Amino acid sequence: MGDWLNAQNIIAVLTALLGLVVSIGAIWYERRVPHRRRIGYRVQMDTPIGDDNRNQGQVGVRLGRFNDMSDATLVLLRIENDGAESIAGTDYTGLDVHGLTAVFTDRVVEGVAVTQSDAEHLMDHFAPAGGMRFDRNTIYLPRVPLNHGQHYKLLVLLTGGGVGSGIRVTGGIRNGAVELNRSITVDDKPPLFSRPARLITVLLSLFLVTLAGIILMPRDLPPPIGCASGELALTGSTAFAPVVREAAKRYESSCPGTKITMDAHGSEEGVRALAELGSESRNGPPALVAFSDGHKPDGYPQLQEERVAVSAYALVVHDQLPIKTLTIDEIRKIYRGDFLNWKELNGPDLPILLISRNANSGTRDLFRRHILDGLGEPAFTSLDCKSKNSPQDKVIRCELDSTEAVLKTVAALPGAIGYSELQAATAFRGLHTLRIDSQAPSAKPVGNSSYPFVEIEYAYTYGPSPAGSLTSSFLNYLMRGSGQDVMGAFGQLPCYSPEGFSKCQK
């Protein structure tokens with residue numbers, strides 16, 4: 001509770017409450033205030049048509065009868081219902097027959113014309129029987145019923161006072177009022193929004209800008225629960241390395257004060273390096289995790305394992321090779337040396353080039369166990385992966401030290417075939433993956449059959465990782481936390497997901 005009560009959160013809450021109050025106030029205003037009956041009036045024109053000095057010579061050339069009007073002025077007066085409710089004839093509360101009076105200070109009314117009504121039937125009301133008349137400086141207007149938004153206009157010819165003399169419309173309206181609106185000339189456009197609407201819009205905009213500033217303001221947030229600081233080294237599988245690097249990058253971003261490095265040299269070499277460093281350590285288990293494609297070799301009882309994910313692997317060939325699928329039997333014959341040219345498998349006349357991993361590779365070991373039925377690959381016969389070291393060698397086979405090196409070489413050499421982690425292979429140009437017994441590579445079982453070239457990825461520590469240590473925290477993040485999303489994005493099936501749990505127990 002104490003962590004929540006900071007200045008930024010309090011300001012954010014108060015700003016949100018103010019925005020809520022303004023919104024509720026706007027709703028109340030719309031429901032209550034505008035529903036009052038209201039007649040507004042506007043002076044849309046007040047101009048001289050004579051040459052009297054009071055009009056300051058504003059009139060230019062005059063012809064005809066205008067020459068006889070030395071102090072005349074014309075006024076265009078608009079009367080409108082700008083409330084939310086209609087006004088009936090009975091809503092005028094004056095005691096006289098007429099409903100409104102228009103008074104022109106210091107001027108005399110010489111004539112008046114009712115014009116520009118937006119409803120023709122309103123003209124029937126402007127008759128002497130309805131109280132329509134004028135006397136000296138005053139016009140008496142009848143009780144004209146006006147629906148919301150309706151109006152009429154008066155064109156008034158005046159003498160006496162100059163332009164700008166006072167003009168006022170008065171009268172009584174039941175539950176309402178007669179009020180002056182902003183004067184708009186005949187060429188002006190009315191405002192798109194009313195003044196209350198503009199004010200509410202400005203206030204809400206200010207609240208939104210304030211909230212955005214609070215949200216975007218940098219804050220020193222505490223690290224997420226479960227974070228640990230310090231340094232951690234990762235090693236082992238080159239096939240699983242891209243997944244681990246991405247997970248480490250995200251963990252470092254979420255947990256300040258952490259440095260995690262990945263140095264992959266193969267599954268077996270990683271396991272061996274962990275065992276050696278652990279046996280030499282005098283300060284408890286080393287901050288090192290080794291990842292392995294498949295179970296560690298025998299002879300390392302002090303290493304503790306965690307099952308992390310199910311990974312799919314694939315055979316890859318150069319893109320110019322039209323072959324898309326091989327049977328398990330055909331693959332074994334290729335690696336026994338029974339097939340030396342792709343034309344023997346209905347392919348082009350190209351020698352088969354075996355691009356393999358070195359002895360430290362976990363991928364090579366699982367290829368031997370899952371695809372070659374435990375039999376080893378042919379002997380190392382080529383340094384450049386293109387030609388034999390000796391004419392007596394039967395096959396062309398080279399060994400490389402990483403998944404990336406295998407993929408680059410296969411993509412560069414027509415006739416080449418190799419094996420790799422699936423996601424890395426599909427992202428590489430210049431080669432394509434093969435189906436095995438017509439089954440597409442996938443870590444997930446399809447129907448009742450399972451793709452054979454899959455393996456569990458293991459994480460090894462030297463003994464149990466201490467509670468609260470960076471080793472324990474990172475492994476928990478990888479296997480049970482957001483690291484599962486990273487593995488899913490790389491095509492892995494997390495062991496602690498519902499779908500992967502049973503598959504990882506086999």
Side-chain angles (χ1 to χ4, degrees), residues 239 293-294 310-357 361-382 385-386 388 393-400 403 406-407 409-428 430-457 491-493 503 506:
D293 306 329
V310 179
S311 294
Y313 295 79
L315 282 163
V316 294
V317 294
H318 191 277
D319 245 352
Q320 292 181 4
L321 203 63
I323 293 173
K324 304 297 181 183
T325 184
L326 291 172
T327 66
I328 287 275
D329 185 59
E330 287 171 334
I331 297 169
R332 290 171 181 171
K333 287 182 178 180
I334 288 173
Y335 280 85
R336 279 204 310 261
D338 296 344
F339 296 134
L340 301 176
N341 194 294
W342 286 111
K343 66 182 179 181
E344 301 174 69
L345 293 162
N346 298 317
D349 185 9
L350 286 172
I352 296 175
L353 308 177
L354 304 180
I355 314 300
S356 299
R357 290 292 305 279
S361 169
T363 307
R364 170 178 166 173
D365 182 63
L366 68 92
F367 177 65
R368 175 185 64 82
R369 291 186 285 108
H370 289 272
I371 304 300
L372 300 184
D373 196 25
L375 300 176
E377 297 184 43
F380 170 81
T381 63
S382 176
C385 300
K386 296 183 291 185
K388 301 174 185 178
D393 293 328
K394 185 178 181 180
V395 300
I396 299 174
R397 176 181 173 274
C398 64
E399 294 183 356
L400 302 175
T403 297
V406 168
L407 295 174
T409 305
V410 172
L413 299 178
I417 182 172
Y419 42 81
S420 161
E421 188 273 329
L422 175 60
Q423 186 72 9
T426 55
F428 218 90
L431 50 79
H432 60 267
T433 62
L434 297 179
R435 290 174 173 262
I436 299 177
D437 286 336
S438 299
Q439 294 187 68
S442 175
K444 300 178 181 180
V446 179
N448 295 324
S449 61
S450 296
Y451 177 72
F453 201 3
V454 296
E455 185 56 280
I456 297 173
E457 297 290 342
Q492 317 287 331
L493 182 61
K503 197 169 181 66
K506 296 179 180 179

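If you're wondering where the values come from, they're calculated on a predicted model, not measured in any experiment. Computed from heavy atoms alone, side chains included, the values below leave out hydrogens, waters and symmetry copies.
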Roughly how far, to the nearest 0.5 Å, is [atom2] of [Y] from [atom1] of [X]?
X	Y	atom1	atom2	value
Arg397	Ile334	CZ	CD1	14.0 Å
Arg336	Leu375	CZ	CG	7.5 Å
Leu321	Leu431	CG	CG	11.5 Å
Thr325	Leu315	OG1	CG	10.0 Å
Leu372	Arg364	CG	CZ	10.0 Å

Does any part of the side chain of [Y], heavy atoms only, come nearer than 4.5 Å to the side chain of [X], both counted from C-beta?
X	Y	value
Phe453	Ile328	no
Ile396	Ile352	no
Ile331	Phe367	yes
Ile417	Leu354	yes
Val454	Leu493	no

For Lys386, does the NZ atom sit with more than 12 other heavy atoms under 6.0 Å from it, leaving out its own atoms?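 Open: at most 12 neighbouring heavy atoms sit under 6.0 Å from NZ of Lys386.
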For [X], what residues pass the side chain to side chain donor-acceptor pair (under 3.5 Å) criterion, not counting sequence neighbours?
X	value
Asp437	none
Arg435	none
Tyr335	none
Gln423	none

Atom of [X], atom of [Y] and distance for their closest heavy-atom approach:
X	Y	answer
Ala416	Ile355	CB-CG1, 3.9 Å
Gly418	Val406	CA-CG1, 4.4 Å
Pro378	Val395	CB-CG2, 3.7 Å
Tyr419	Arg357	OH-N, 3.3 Å
Pro441	Ala314	CG-CB, 4.1 Å
Pro452	Ile436	CG-CG2, 3.9 Å

Taking atom types as modelled and ignoring hydrogens, do the side chains of Ser356 and Glu377 form a donor-acceptor contact shorter than 3.5 angstrom?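 A donor-acceptor contact under 3.5 Å links the two side chains.
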Can you confirm whether the side chains of Ser311 and Glu421 place a donor and an acceptor under 3.5 Å from each other?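 The answer is no; no qualifying pair exists.
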Taking only residues two or more places apart in sequence or in another chain, which ones pass side chain to side chain contact (heavy atoms under 4.5 Å, CB included) with Asp373?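 Asp373: side chain to side chain contact (heavy atoms under 4.5 Å, CB included) contacts with Arg332.
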Residues two or more places apart in sequence or in another chain: which of them pass side chain to side chain contact (heavy atoms under 4.5 Å, CB included) with His432?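 Partners of His432 by the side chain to side chain contact (heavy atoms under 4.5 Å, CB included) criterion, ordered by chain and then number, come out as Val317, Asp319, Lys324, Leu434.
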From Asp293, Thr363, Thr433, residue fulfilling side chain to side chain donor-acceptor pair (under 3.5 Å) relative to Tyr313: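 The residue from Asp293, Thr363, Thr433 that satisfies side chain to side chain donor-acceptor pair (under 3.5 Å) with Tyr313 turns out to be Asp293.
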